[in-house]
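So that the names make sense, note that chain A is the first sequence line, chain B the second, and so on, each numbered from 1.
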Amino acid sequence: MSKLQSPRGTQDLMPEDMAGHRHVMDTAKSCAGVFGFEEMATPIFEFTDVFARPLGESSDVVTKETYSFTDRGGEGLTLRPEGTAGVVRALISAGLTQTLPQKFYYQGPMFRYERPQKGRMRQFHQVGVELLGPTSPLADAEVIALGAMMLDRLGVLASCALHLNSLGDGESRSAYRTALVEFLSDVKTELSEDSQRRLETNPLRILDSKDENDRQLIADAPKLGEYLNAASSDHFNRVAEQLDAAGIAYIHDAKLVRGLDYYCHTAFEFITTDLGAQGTVLGGGRYDGLAETLGGPNVAGVGWAAGVERLALLSGQAPRLDPPLVLIALSPSNGADSNTDGADGGMSIDATLFALANTIRNHGQRVEMPFSGNLGKQLKRADKLGARYVGILGADEAARGVIVLRDMQDGSQTDIALDQAAEHFSTLFQS
RNA sequence: GCGGGUGUAGCUCAGUUGGUUAGAGCGCCAGAUUGUGGCUUUGGAGGUCGCCGGUUCAAAUCCGGUCACUCGCCCCA
């Protein structure tokens, strides 16, 4: 439409959009706080290696979707495509691996060069939590419970299903991977084009192929669950046990896999049917090997990230500004019947009103002062702002030392003594 | 990266087999009401029909390209 548009896959967050984002972020932060997760932030760009190694050199996110560049000093940098790698890097950088566990909440923009769709942007926003240190299944359950609480507070949990699976530890996973590749290689030519490619790059991904023929072939494939070693299946069972105890419903989804290489054991996604193809609203899992991959000590971790845009789309109306008190000044130029600059030595009407507004604002109440217009126009403005009460001050009232308080609902007006106006107006909004 | 759909006023959309001044509702501005909002009523502003090119006496309408949005695939939050 206009020639001046934001780059593809980006969007301006105008107040009504921002209100939705803010609501999601505030809700996430407060839920995280209840669980003891404190907010932190990492840079929006990192050395490219921070993402390339842990996410998988061959993963799509790294090979085709990053915004990477060389800065003026010759450093290879990448705009973060996700949050976990940066958080773990920061943990190591700060030496916090000595004082575990650590619980972090974060929020901010991520960048992936993808074809935009509803709920999928090139610059998008995530909220996320990371619990670093514990290997216990309790940690997995705690993190999932936190996610469920947030979704519930946002009113979207009811339309989501929690899918849960175990990818097993490294040993289990590579054993299964070998078995799966062996099985699928025999029927390779029958697989869809995409899946034939995935057989090379990320065979586990074939499990959640949407191709009907693929699905039939997969039905007879070896199951991941059968390849879990004792430690892995025990871990999974204990996570499930905790969720049961907490009354959190889930679906054991043997086909649920993760796109990023660093995941092991628990993998989970909250999926909705209300967003078309972009149904995953919150996803995460355990990533015990990540810290070591980055070159740090062996630190276990589990966490998730949720898409702010997607949650905002689902969670409906977000709170906006409170209704204001509107103060209207009438000066000669807009209809008053005498001058305003304090012939009796007092303050002008504008100044009186401005001082009053400041006092009430200091009490935390929103006050709006229309900048111009006659009384009718200013009242119209007040109505549009959603004001319940309006204060009107003209030369008449100033001379009598009062201000008119108008109730916009029933149209009634009363005089309030000017020297008691601040207190009176403030109490109007305390209910 | 691949395939389908859609681009007309600030917003939601009409616009006939190509035909002369491109419309509606909502919103916006102003008047009726120069110290009283909503409701009503009257009037007004606002469009190079996404952009570029082609066909034609004539293009919002047909054709090609391009950009954007959108749905699906891919990928993922």
Scanning all shown strands, the Watson-Crick or wobble mate of B/rU6 with both distances under 3.5 Å is B/rA68

Check the phosphate of B/rU36 against A/Q413, side-chain N and O only, distance under 4.0 Å to OP1 or OP2. Yes or no? no

Taking a pair to mean Watson-Crick or G-U wobble geometry with both distances below 3.5 Å, B/rA32 pairs with B/rU40

For A/R197, the salt bridge (charged side-chain N to carboxylate O under 4.0 Å, His left out) test, sequence neighbours excluded, returns A/D194

RNA chain B nearest-nucleotide lookup for A/D208 and A/P116: closer to the 5′ end is A/P116

Tabulate atom names and distances for all N/O pairs under 3.5 angstrom spanning the protein and nucleotides 3-6 of chain B.
{"from": "B/rG3", "atom 1": "O6", "to": "A/R115", "atom 2": "NH2", "distance (Å)": "3.1"}

Taken in chain and number order and not counting sequence neighbours, the residues that satisfy salt bridge (charged side-chain N to carboxylate O under 4.0 Å, His left out) with A/K188 are A/E200

**OP:** Walk me through it: do A/T266 and A/F268 pass the test side-chain contact (heavy atoms from CB on, under 4.5 Å)?
**Re:** CA-CA 7 Å; A/T266 312; A/F268 58 91; 4.0 Å; yes

Looking across every strand, which nucleic acid part, if any, lies under 4.0 Å from A/E193 by heavy atom: base, sugar-phosphate, or nothing?
nothing

Discussion item. Give me the distance, rounded to whole Å, that separates B/rG7 from B/rA58 when you measure between the P atoms they each carry.
Written reply: 25 Å

**OP:** Give the intermediate values and the outcome of side-chain contact (heavy atoms from CB on, under 4.5 Å) for residues A/M150 and A/L311.
**Re:** CA-CA 10 Å; A/M150 177 191 74; A/L311 289 173; 3.8 Å; yes

With P as the reference atom in both, quote the distance from B/rC13 to B/rU8 in angstrom, rounded to an integer.
9 Å

- Within the modelled atom types, does a donor on one side and an acceptor on the other bring the side chain of A/Q378 and the base of B/rG35 under 3.5 Å apart? no

Residue pair A/G119/A/D410 against RNA chain B: nearer the 5' end by closest nucleotide is A/D410

A/L207 atom CG is separated from B/rC75 atom C1', nearest whole Å, by 16 Å

**Request:** Please state whether the base of B/rG37 and the side chain of A/R381 form at least one donor-acceptor pair under 3.5 Å?
**Result:** no

Sorted by chain and number, sequence neighbours left out, side-chain hydrogen bond (donor to acceptor under 3.5 Å, both in side chains) with A/R89 holds for A/E46, A/S93

A/D383 atom CG is separated from B/rG37 atom P, nearest whole Å, by 10 Å

Separation of B/rC74 atom C1' from A/L204 atom CG, nearest Å, is 17 Å

Using Watson-Crick geometry (N1-N3 plus N6-O4 or O6-N4) or G-U wobble (N1-O2, O6-N3), each under 3.5 Å, B/rC57 is paired with B/rG19

Residues passing the side-chain contact (heavy atoms from CB on, under 4.5 Å) test with A/R173, sequence neighbours excluded, are A/L167, A/L204

Among the nucleotides B/rG37, B/rC75, B/rA77, whichever has the atom closest to the side chain of A/R310 is B/rA77

query: So, is A/K118 close to the B/rU70 phosphate, meaning a side-chain N or O under 4.0 Å from OP1 or OP2?
result: no

Taken in chain and number order and not counting sequence neighbours, the residues that satisfy side-chain hydrogen bond (donor to acceptor under 3.5 Å, both in side chains) with A/Y106 are A/E130

Within residues 6-21 of chain A, the residues having a heavy atom closer than 4.0 Å to RNA chain B are A/R8, A/G9

Separation of B/rC74 atom P from A/Q117 atom CD, nearest Å, is 10 Å

Provide a list of protein-nucleic acid N or O atom pairs under 3.5 angstrom, restricted to nucleotides 26-30 of chain B.
{"from": "B/rC28", "atom 1": "OP1", "to": "A/K384", "atom 2": "NZ", "distance (Å)": "2.8"}
{"from": "B/rA30", "atom 1": "OP1", "to": "A/K377", "atom 2": "NZ", "distance (Å)": "2.9"}

Looking only at heavy atoms, the pair that brings A/W304 and A/V127 closest together is CZ3-O, 3.8 Å

So ring pair (Phe, Tyr, Trp, His ring centres under 6.0 Å) across residues 179-223 of chain A, not counting sequence neighbours, yields none

Sequence neighbours excluded, the answer for salt bridge (charged side-chain N to carboxylate O under 4.0 Å, His left out) partners of A/E39 is A/K29

Between CG of A/D194 and C1' of B/rG72 the distance, given in whole Å, is 12 Å

Here the distance between atom P of B/rG1 and atom CD of A/E65, to the nearest Å, is 12 Å

For A/R366, the salt bridge (charged side-chain N to carboxylate O under 4.0 Å, His left out) test, sequence neighbours excluded, returns A/E368

A/K64 atom NZ is separated from B/rG1 atom P, nearest whole Å, by 10 Å

>> Is the phosphate of B/rC76 approached by A/R205 (side-chain N or O, under 4.0 Å from OP1 or OP2)?
In response: yes

A/Q107 CD to B/rA77 P, in whole Å, measures 18 Å

* Asked: Is there a donor and acceptor pair closer than 3.5 Å between the side chain of A/R112 and the base of B/rC76?
  -> no

side-chain contact (heavy atoms from CB on, under 4.5 Å) filter on A/Q409, not counting sequence neighbours, yields A/R388, A/D407

What's the gap between B/rU70 and B/rG53 when it is taken at their P atoms, as a whole Å value?
28 Å

